[in-house]
Amino acid sequence: QKEVEQDPGPLSVPEGAIVSLNCTYSNSAFQYFMWYRQYSRKGPELLMYTYSSGNKEDGRFTAQVDKSSKYISLFIRDSQPSDSATYLCAMSDTNAGKSTFGDGTTLTVKP
Amino acid sequence: KAGVTQTPRYLIKTRGQQVTLSCSPISGHRSVSWYQQTPGQGLQFLFEYFSETQRNKGNFPGRFSGRQFSNSRSEMNVSTLELGDSALYLCASSLDQTDTQYFGPGTRLTVL
């Protein structure tokens with residue numbers, strides 16, 4: 001079983017919808033939680049970075065971490081066609097240089 | 001500030017050959033990590049370098065190696081290429097081990 005499991009998708013939503021992306025993990029040593037967005041044929045782009053449990057908001061994006069349930073989420077409000085991409089969750093313990101990634105969820109936002 | 005750069009962007013090799021990929025981190029970043037991304041396996045950690053020392057290594061065979069120079073630039077080498085080595089190779093840099101990583105655009109390697 002993988003250390004990080006990500007809802008596989010794909011997801012297709014209409015423009016303006018609220019999107020929820022989720023990952024679960026098994027390694028209780030993980031302390032750093034990241035969400036990346038990756039467009040086709042590009043490298044991953046950091047969206048959100050959270051240390052330990054709690055919520056973090058940045059514009060239309062909200063990241064939630066529940067360490068007791070080993071569950072993290074990314075919410076996208078008022079989704080736009082430009083949000084269409086693959087979203088990757090990533091986690092690490094004390095060394096952010098060695099992150100463990102989920103397999104990604106491909107999101108399509110239709111105009 | 002310039003982002004992480006990787007060269008070359010695209011590469012085609014044949015089985016048995018070797019290849020060297022290069023990564024220049026963001027200025028001031030001392031940690032460089034390498035990942036392999038394939039449709040079947042996703043993003044997998046290869047190794048991480050910090051101040052010219054390999055600090056972590058993933059579960060890849062010894063054909064995969066790397067190094068880091070005093071200016072933090074890094075190279076990775078794959079010897080005796082196999083068809084399964086075809087992938088997007090991503091480099092990421094960070095200030096230090098607890099800092100977030102920033103990825104480059106990747107080098108797409110095709111092995112024929």
Does the salt bridge (Lys or Arg N to Asp or Glu O under 4.0 Å) test come out yes or no for A:Arg60 and A:Asp83, once each step is laid out?
-> CA-CA 11 Å; A:Arg60 296 184 295 110; A:Asp83 294 328; 2.9 Å; yes
In terms of heavy-atom proximity below 4.5 Å to chain B, should A:Tyr51 be classed as side chain, backbone, both, or neither?
->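 Interface part for A:Tyr51: neither.
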Proximal component of A:Gln38, with respect to chain B [non-hydrogen, under 4.5 Å] =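 For A:Gln38, the side chain is the part near chain B, not the backbone.
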Result of checking A:Thr105, A:Asp103, A:Asn22 against A:Gln6 for side chain to side chain donor-acceptor pair (under 3.5 Å) |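 It is A:Thr105, the one option of A:Thr105, A:Asp103, A:Asn22 that forms the side chain to side chain donor-acceptor pair (under 3.5 Å) with A:Gln6.
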Which of B:Pro105, B:Gly106, B:Gly42 touches chain A most, by non-hydrogen pairs under 4.5 Å | B:Pro105
B:Leu43 portion near chain A, given a 4.5 angstrom heavy-atom threshold =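 For B:Leu43, the contact with chain A is made by backbone and side chain together.
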Relative to chain A, which segment of B:Gln37 carries a heavy atom at a distance below 4.5 Å: side chain, backbone, both, or neither?
->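 The side chain, not the backbone.
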Could you tell me whether the side chain of A:Ser84 and the main chain of A:Val109 form a donor-acceptor pair under 3.5 Å?
-> yes
Decide whether a cation-pi geometry holds between B:Arg55 and B:Phe50; the criteria are a distance under 6.0 Å from NZ or CZ to the six-membered ring centre and an angle within 45° of the ring axis.
->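 Checked: cation-pi criterion met.
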Please indicate whether B:Arg15 has more than 12 foreign heavy atoms, meaning atoms of other residues, nucleotides or ligands, lying under 6.0 Å from its CZ.
->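 Check fails, neighbour count at 12 or below.
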